[in-house]
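Letters A, B, ... mirror the listed sequences (proteins, then strands); counts begin at 1.
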Number of protein chains: 2
Amino acid sequence: MKEIEKTLENKNVRPTAMRILIYKYMAEKEIAVALTDIENAFAKSDRTTLYRTLKTFEEKGIVHQIDDGTSTTKYALCEPGCNCEIEQDLHLHFHCSNCNETVCLTEHKIPHINLPDGYVAEDANLVLKGICDKCSRQ
Amino acid sequence: MKEIEKTLENKNVRPTAMRILIYKYMAEKEIAVALTDIENAFAKSDRTTLYRTLKTFEEKGIVHQIDDGTSTTKYALCEPGCNCEIEQDLHLHFHCSNCNETVCLTEHKIPHINLPDGYVAEDANLVLKGICDKCSRQ
DNA sequence: GCAATAAATGCACTTCTGTTGCATCAAAAT
DNA sequence: ATTTTGATGCAACAGAAGTGCATTTATTGC
């Protein structure tokens, strides 16, 4: 628990009880989580607080947002080396259409794409959809 | 106009007045459009009709949905050779953060990605964000 | 042409996610 | 201890997506 506190403090985020809980929850889950997931996990939680907590976490580079094509924004903890506050860490994401879970494939970077003249890419989002690890083995 | 009628009939969609108008609108615009765009373009239009029209168009392979990361679904006419009803036509999309427009880069296919063991990809979505053609020239 | 049937449209309403304003509470600084 | 700042909770709103049902329009069989 003390570790989480330190992590938050290092990122200039005050380690309040709720924030520690949220961080812990996300660290335990290995998949990307939606705001609603966290809301359901904690009986005594307010959507606004969670929303703003995640926003702060994102601004301070603790989590990154994932748009996996389901109409709900997901969040995942950044890896130790990730510096997506400065420049996008362009790894890809995988969304399983069976279990509906989204995971970061941090090892898989988005390949470079040659664009037509005049187009300047600043950011990229690549989501693969299909059957994940867990589901395909069953 | 007769051409549009034929196109719709070929795809097994009854060419009603509204449907022809929507098709025409999408053909003239070269960018992907949101339901709201169409709604604003026609004073006398009902969102539900547009919604269901686009749904039918999509099912019949006339348009394809685009998730460009803005929280609104966009639609674009399929190219003549596109058969995304059967298998995804995996071209990429570009979203301009300046003019806020989304275009299909139909010539640019999504490169093959090697996934970890157990993962089976069935579909992919790649959106590049940045400054488009038009905006970068100004 | 006319009745029967099927498809398309329009209205009202609901749900879900994301978001903001404001009051309150807790913590940090002076 | 008081002031100031930041965090939290409630209420309410906005936008997009989606559903149910009644009505209109088109198509089919007779």
Side-chain angles (χ1 to χ4, degrees), chain A residues 4-5 7-25 32-60 62-76 95 100 102 125 127, chain B residues 4-25 32-60 62-76 95 100 102 127:
Chain A
I4 297 179
E5 267 186 62
T7 312
L8 294 183
E9 273 168 356
N10 285 341
K11 297 277 188 178
N12 281 311
V13 172
R14 292 228 292 243
T16 66
M18 198 65 215
R19 285 173 176 174
I20 293 172
L21 280 176
I22 296 175
Y23 190 99
K24 194 156 170 271
Y25 174 78
V33 298
L35 195 147
T36 314
D37 296 332
I38 311 181
E39 203 183 353
N40 294 336
F42 301 102
K44 282 222 169 183
S45 63
D46 180 71
R47 252 194 29 255
T48 314
T49 307
L50 299 180
Y51 172 72
R52 287 199 256 240
T53 300
L54 288 171
K55 209 171 163 189
T56 323
F57 277 13
E58 201 204 345
E59 280 161 5
K60 298 300 171 67
I62 297 171
V63 305
H64 60 272
Q65 261 194 342
I66 301 165
D67 170 21
D68 63 3
T70 69
S71 46
T72 29
T73 308
K74 303 272 181 5
Y75 300 84
H95 178 76
N100 226 30
T102 300
N125 184 31
V127 182
Chain B
I4 296 179
E5 267 186 59
K6 270 184 197 167
T7 312
L8 294 182
E9 273 167 356
N10 285 341
K11 297 277 189 179
N12 281 311
V13 171
R14 292 227 292 245
T16 66
M18 199 64 215
R19 284 173 177 175
I20 294 171
L21 278 177
I22 295 176
Y23 190 99
K24 193 156 170 273
Y25 174 78
V33 298
L35 196 146
T36 314
D37 295 332
I38 311 181
E39 204 184 352
N40 293 336
F42 301 102
K44 280 220 169 186
S45 64
D46 181 72
R47 248 192 36 251
T48 314
T49 307
L50 299 179
Y51 173 71
R52 286 198 258 240
T53 300
L54 289 171
K55 210 173 165 187
T56 320
F57 277 12
E58 201 204 345
E59 280 161 6
K60 298 300 169 66
I62 297 170
V63 304
H64 60 273
Q65 262 194 344
I66 301 165
D67 170 22
D68 64 2
T70 69
S71 47
T72 29
T73 307
K74 302 273 178 6
Y75 299 85
H95 178 76
N100 226 31
T102 300
V127 181

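- Here A:Arg19 lies in heavy-atom contact (under 4.0 Å) with sugar-phosphate atoms only.
- If you measure from atom CD of A:Glu58 to atom P of C:dT19, you get 10 Å, rounded to the nearest angstrom.
- Under the ring pair (Phe, Tyr, Trp, His ring centres under 6.0 Å) criterion, B:Tyr51 pairs with no residue at all, not counting sequence neighbours.
- Annotation: side chain of B:Thr73 is not in contact with side chain of B:Leu54 (no heavy-atom distance under 4.5 Å).
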Tabulate protein N/O versus nucleotide N/O from nucleotides 10-12 of chain C, keeping only pairs under 3.5 Å, one per line.
unit_1 : atom_1 : unit_2  : atom_2 : d
C:dG10 : OP2    : B:Thr49 : OG1    : 3.0
C:dG10 : O6     : B:Arg52 : NH2    : 2.5
C:dC11 : N4     : B:Thr48 : OG1    : 3.1

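- Residue contacts shown for A:Thr56 are absent, as no nucleic acid heavy atom lies under 4.0 Å away.
- Taking atom CD of residue A:Glu39 and atom C1' of nucleotide C:dT19, one finds them 14 Å apart after rounding to whole Å.
- As rounded to whole Å, 12 Å separates atom C1' of C:dC16 from atom CG of A:Leu35.
- Here the NZ atom belonging to A:Lys74 is positioned 9.0 Å from the OG1 atom belonging to A:Thr36, to the nearest 0.5 angstrom.
- In this structure, A:Ala76 and A:Ile66 approach most closely via the heavy-atom pair CB-CD1, 3.8 Å.
- Take A:Gln65 and apply the side chain to side chain donor-acceptor pair (under 3.5 Å) test, not counting sequence neighbours, and it matches A:Tyr75.
- A 4.5 Å side-chain heavy-atom check between A:Thr53 and A:Thr16 finds every atom pair outside the cut-off.
- Every residue two or more places apart in sequence or in another chain that forms a side chain to side chain donor-acceptor pair (under 3.5 Å) with A:Thr102 is listed here: A:Asp68, A:His95.
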Polar atoms only, N or O, under 3.5 Å: list the protein pairs with nucleotides 26-30 of chain C and their distances.
none

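- Heavy-atom contacts of chain B under 4.0 Å fall on DNA chain D between two terminal nucleotides, which in 5' to 3' order are D:dA16 to D:dT27.
- OP1 or OP2 of C:dG18 has not a single side-chain nitrogen or oxygen of A:Tyr51 nearer than 4.0 Å.
- Following rounding to the nearest Å, B:Phe57 (CZ) and C:dT9 (C1') show an atom-to-atom distance of 14 Å.
- Rounded to whole Å, the distance from CZ on B:Phe42 to C1' on C:dT9 is 16 Å.
- Within the 4.5 Å cutoff, the side chain of B:Val63 has no heavy atoms near those of the B:Tyr23 side chain.
- Rounded to whole Å, atom C1' of C:dA8 lies 14 Å from atom CG of B:Leu54.
- A close approach under 4.0 Å does not occur between any side-chain nitrogen or oxygen of B:Ser71 and OP1 or OP2 of C:dG18.
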